[in-house]
Amino acid sequence: MTEVSRTVSTKAILLGNEAIARGIVEAGCLVASAYPGTPSSEILPAVAKFADELGSPMAVEWGVNEKVAFEVAAAASFTGARSCAVMKQVGLNVAADPFMSAAHFQLKGGMLLVVADDPGPHSSQTEQDSRYFAMFAKVPCFDPCSAAEAKEMVFDAFDLSERFGIITMLRPSVRVDHCRQDVELGELRPPKGQVKFEKEPSRWVCLPASVKVNHPRLNAKVEEIRAAFETEFGKYNYEVPSREKSVLGIVASGVCFSVVSDILKEWGREDVAVLKIGTPHPLPVKMVTDFISRHPKVLFLEETYPVMEMQLPDRTGILGRWNGVVPGAGELLPEVIAGILAKILGMDQPSGEGSSLLREALEDLKITPRKPMLCPGCPHRASYFSIRQALPNAVNPSDIGCYTLGVNQKAVDAVVDMGASVTMGSGFFLAHKAAGTERPIVSTIGDSTFFHMGIPGLVSAVYNRHAFVLGILDNSTTAMTGGQANPAVGDKLRKGDEGRKVDIEAVCRGCGVTFVRTIEAYDVAAGKEAVKEAWEHAQSRSEPAVIIFRHPCMLLRPQQPVVQVKVDPEKCIGCKFCINFFNCPGLVFDETRSKAYIDERFCVSCGVCISVCPHGAIAEVSEEGK
Amino acid sequence: MQYVIVGIGGQGILFASKVLGKIALERGESVIGSEVHGMAQRGGSVISHFKVGDYRSPLVMAGEADILLAFDQSEAVRNLHFLKKKGSLVVNVHDRKALENASLAGLVRDREINVHSLEGYALLKEHMGGNFLFLNVLLIGAMCGAGISGLSFAEVSRAVKELSPPKFQDANMKVLALGAEAICSGR
Ligand code: SF4
Ligand code: SF4
């Protein structure tokens with residue numbers, strides 16, 4: 001968590017996600033729930049921190065997945081409380097069911113849905129545009145261009161939600177979530193209305209008969225909100241006119257507006273006008289078509305899908321994604337936008353990659369971007385090594401989290417979405433079974449992901465008798481997203497809140513798994529043994545077997561023995577086995593000498609690599625050698 | 001003033017923009033920047049953008065950065081295109097020989113880049129018992145020592161001190177001075 005630096009004024013430098021959190025607390029939200037996922041993860045912990053600081057009575061909780069978080073927040077709104085659900089873009093896929101349904105409701109308390117998008121993507125399996133989802137569900141969406149604007153939008157989103165009784169989406173993209181900016185701090189506003197649930201089945205039960213009333217009402221709401229966006233939201237939807245006669249008009253939403261503004265300023269272009277849209281759905285169509293009619297050419301800049309473009313009654317003459325002027329995939333980085341503009345304006349624009357000298361230097365020096373990898377000392381690396389060594393021929397489905405990086409250990413063969421490691425285990429088993437062949441299957445899933453969506457797949461596998469091994473990599477945290485607690489840990493966010501630990505082993509047994517073994521992840525020998533045994537058990541009884549590989553995440557800085565290691569150059573034969581199958585950043589290969597060595601910049605002295613080298617070249621540094 | 005800060009996930013590069021932000025706030029200046037969180041933080045290339053002044057976009061455009069603060073020499077080279085002409089590079093070097101390259105030297109000459117390098121790992125081994133977690137403060141000290149950011153040592157050390165957890169305060173002050181001195185003495 002970032003230090004909030006206070007000065008005499010009430011400004012602080014906040015991360016976009018902290019600014020959103022501050023808005024949520026100040027707006028008098030009473031129930032906030034989320035599941036962590038980059039780029040949204042910092043929001044909920046910051047909500048808890050600000051709630052503690054400002055003395056808000058609100059509840060702040062991690063839900064076990066996004067569907068849970070969404071439904072918790074929705075029900076709170078049924079009582080009249082302001083509520084909020086927070087997730088990343090693919091999290092909304094998980095929460096799509098309640099989202100689509102509750103969009104039809106006439107809500108009572110304001111409900112804010114914060115969905116963080118990841119154009120690029122930097123840390124996701126898709127770069128889908130949640131504004132599209134808002135359009136699909138027919139709910140309004142705010143698209144902030146900065147941290148400060150995102151905070152301001154939180155208040156308006158709650159108000160709008162209450163005014164129309166509709167879920168309102170705030171869609172920050174990664175550059176807003178992880179932008180750091182000076183932001184005005186305010187005080188806690190008193191909660192609106194009263195928390196009182198009134199029984200009214202026609203309102204709160206989603207019967208088909210209700211939909212016949214609710215859907216036309218929803219359509220009417222969309223048009224009323226559109227009308228409001230045309231006239232009342234000038235602080236988010238406004239024109240920055242050109243000083244000189246305009247040669248180009250740009251309609252920009254979200255962070256694209258910020259980027260294009262800086263480029264035009266840098267270039268000193270006084271002949272380009274910009275229409276900023278902060279409410280891309282429902283699009284204030286009149287405002288946009290009026291702007292279009294006043295400019296010779298109009299370019300649309302938005303991330304990542306053509307959501308505003310799609311809502312235009314007529315796209316003739318528009319420069320955008322529909323005619324390939326704007327790329328259909330990837331983040332609209334400043335260099336990309338500059339390239340598009342330069343082309344339209346007929347300017348020379350040096351490529352963002354720098355000069356040919358730089359390219360030559362990078363090539364000569366063999367410098368490439370460093371790929372993300374498991375941390376030195378990471379227990380997952382040891383678990384993967386045990387799994388691969390025990391059953392080299394196995395298929396290894398895996399899941400979403402740090403451990404997806406096990407691709408570098410050649411221990412991850414297929415990843416689709418949260419929880420799919422378990423269900424893919426079933427799929428691989430059934431395909432082989434139906435074909436009359438057999439192959440070992442060892443799936444891997446993290447502790448938090450197991451609770452998120454692993455359990456239904458496991459129940460299904462027990463019921464249907466699917467033989468595979470499920471390795472639950474329990475590092476006692478949700479590591480990839482920065483170390484949030486989860487049911488296996490039991491901690492909660494707000495000061496004074498006490499959670500209860502949910503025991504993974506008991507859950508698995510409760511699901512009907514008969515082979516459940518917990519081992520220390522660093523113990524490679526025990527790991528190998530357990531994997532072999534588990535597969536034999538699974539195969540002979542045609543049922544899933546579970547191994548829990550336990551060791552805390554390195555980010556929690558666990559207290560553990562320091563085992564200083566070295567590679568004996570006499571014994572190292574340069575086979576690269578350790579590099580190819582273990583791949584610790586602390587263990588690198590000197591191509592000129594053809595020997596492995598320890599890179600002390602990264603090695604954390606966990607000692608696991610000692611059991612990796614088949615030639616005994618890696619050993620603990622003896623006392624005298626230290 | 002536009003900064004680009006680069007390194008490898010885990011080196012603690014985010015601390016640098018926190019320090020810069022705190023100083024700007026005290027001076028009453030506007031700031032906006034962009035950070036990397038999530039998967040890329042796990043040992044991959046990481047980059048922070050930080051702009052002080054009247055800007056809207058959190059990202060620095062290629063060719064616009066005043067200062068490139070590099071925690072790793074390879075990342076420094078990979079991101080050199082961000083520097084404007086006559087911009088300054090502060091870089092942690094661990095293998096000077098690996099950087100000997102004619103094209104690179106030509107580029108530095110052509111673009112009139114001001115290079116300030118220090119051997120961070122060696123310094124921390126010598127003075128801080130090899131605790132490389134201090135690299136971030138060391139680099140901030142070096143930037144300060146290079147006198148390129150327009151920030152006084154007093155301002156920077158006050159900000160670093162206030163942002164440090166109490167038990168690291170004294171050590172951080174020592175490392176900050178170490179970094180500044182390393183640049184001044186050309187080590
Ligand atoms: S340390 Fe062992 S595994 Fe690694 S290259 Fe040398 S001999 Fe091969
Ligand atoms: S001891 Fe070996 S496995 Fe552990 S961090 Fe160091 S190099 Fe990596």
Side-chain angles (χ1 to χ4, degrees), chain A residues 2-3 5 7 9 11-13 15 38-39 41-42 122-123 145-147 175-182 255 257-259 261-263 266 333-335 338 350 352-355 357-358 360-362 364-365 367-376 402 404-405 480-482 585 600-602, chain B residues 8-10 17-18 21-22 24-26 28-46 48 50-51 54-64 72 74-75 77-78 80-82 94 98-99 101-107 110-111 121 125 130 132 159 162-163:
Chain A
T2 310
E3 285 294 312
S5 356
T7 59
S9 88
K11 275 200 168 182
I13 308 260
L15 207 57
T38 312
S41 310
E42 299 82 11
H122 297 262
S123 218
C145 72
S146 68
R175 296 300 177 182
V176 170
D177 292 307
H178 295 157
C179 131
R180 197 172 278 284
Q181 192 185 19
D182 47 312
V255 85
F257 168 76
S258 309
V259 171
S261 300
D262 275 8
I263 294 175
E266 179 65 41
L333 289 167
E335 293 75 22
E353 297 303 304
S355 66
L357 277 177
L358 182 53
E360 278 166 34
L362 287 171
D364 293 351
L365 300 172
I367 296 176
T368 49
R370 263 179 88 99
K371 283 190 296 184
M373 46 189 145
L374 296 171
C375 301
C402 278
T404 317
L405 297 171
M480 174 58 90
T481 50
E600 55 179 20
R601 293 180 300 153
F602 301 112
Chain B
I8 298 167
S17 40
K18 280 189 195 159
K22 190 166 176 57
L25 193 69
E26 262 151 34
E29 292 167 325
S30 296
V31 304
I32 192 156
S34 176
E35 302 177 351
V36 172
H37 295 256
M39 188 182 267
Q41 267 179 306
R42 302 285 166 273
S45 302
V46 286
S48 280
F50 200 80
K51 297 155 95 170
D54 185 19
Y55 298 102
R56 281 181 186 277
S57 161
L59 297 172
V60 174
M61 263 235 276
E64 304 284 350
D72 177 87
S74 301
E75 294 303 315
V77 182
R78 253 181 20 85
L80 261 186
H81 61 284
F82 275 108
H94 64 269
L99 282 183
N101 174 274
S103 307
L104 187 60
L107 182 74
D110 273 15
R111 304 276 297 165
Y121 292 110
K125 258 178 110 167
F132 299 146
E162 280 177 37
L163 288 171

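Remember, predicted model here, so these are calculated numbers, not experimental data. Every chain is numbered from 1 and lettered A, B, ... according to where its sequence line falls, protein lines coming before strand lines.
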Checklist line | Heavy-atom pair with the smallest gap, counting every atom of A:Glu335 and B:Phe82 | finding: OE2-CE2, 4.1 Å
Checklist line | Heavy-atom contact with chain A under 4.5 Å, split by part of B:Asp110 | finding: side chain
Next item on the list: Report yes if some heavy atom in the side chain of B:His37 is under 4.5 Å from a heavy atom in the side chain of A:Ser41; otherwise report no.
Entry: no
Margin query: Need one label for B:Tyr121: side chain, backbone, both or neither, based on atoms under 4.5 Å from any heavy atom in chain A.
Written below: side chain
Check: So do B:Val77 and A:Leu358 actually touch side chain to side chain, heavy atoms under 4.5 Å?
Finding: yes
Check: Considering all heavy atoms of both residues, which atom of B:Pro58 and which atom of A:Arg175 are nearest to each other, and what is their separation?
Finding: CG-O, 3.9 Å
Next item on the list: Evaluate the criterion side chain to side chain contact (heavy atoms under 4.5 Å, CB included) for residue pair B:Lys18 and A:Arg180; output intermediate values, then yes/no.
Entry: CA-CA 9 Å; B:Lys18 280 189 195 159; A:Arg180 197 172 278 284; 3.7 Å; yes
Notebook entry, point to check: Given the options B:Glu64, B:Glu29, B:Glu75, which has more heavy-atom pairs under 4.5 Å with chain A than any of the others?
Noted result: B:Glu64
Check: Donor-acceptor pair, B:Ser45 side chain versus A:Arg370 backbone, under 3.5 Å?
Finding: yes
Check: With a 4.5 angstrom heavy-atom cut-off, which part of A:Glu600 approaches chain B: side chain, backbone, both or neither?
Finding: both
Notebook entry, point to check: Any Lys/Arg nitrogen of A:Asp262 or B:Lys51 sitting under 4.0 Å from an Asp/Glu carboxylate oxygen of the other?
Noted result: yes
Item checked: Test item: B:Ser74 and A:Leu365 side chains (from C-beta on) under 4.5 Å apart, heavy atoms -> no
Check: Of the non-hydrogen atoms in B:Met61 and A:Ala338, which two are nearest, and what is the gap between them?
Finding: SD-CB, 4.1 Å
Checklist line | Interatomic spacing from OG in B:Ser57 to CD1 in A:Ile263 - rounded to 0.5 Å | finding: 7.5 Å
Margin query: Can you tell me which portion of A:Val259 sits under 4.5 Å from chain B's heavy atoms? Options are side chain, backbone, both or neither.
Written below: both
Item checked: Spacing of B:Leu104 atom CG and A:Ile367 atom CD1 [to the nearest 0.5 Å] -> 7.5 Å
Checklist line | Between CG on residue A:Leu15 and CD on residue B:Glu35, distance to nearest 0.5 Å | finding: 5.5 Å
Margin query: With side chain to side chain contact (heavy atoms under 4.5 Å, CB included) as the criterion, how do B:Arg78 and A:Leu362 come out once you've worked through the C-alpha distance, each side chain's angles and the decisive distance to 0.1 Å?
Written below: CA-CA 7 Å; B:Arg78 253 181 20 85; A:Leu362 287 171; 3.8 Å; yes
Check: For B:Val31, does its backbone N or O pair with a side-chain atom of A:Asp182 as donor and acceptor, under 3.5 Å?
Finding: yes
Notebook entry, point to check: If you round to the nearest 0.5 Å, how far is CZ of B:Arg56 from CD of A:Gln181?
Noted result: 10.0 Å
Margin query: Can you tell me which of A:Cys375, A:Ser146, A:Ala147, A:Cys179 forms the most heavy-atom pairs within a distance under 4.5 Å of chain B?
Written below: A:Cys179
Checklist line | Under 4.5 Å from any heavy atom of chain B - which part of A:Pro585 | finding: neither
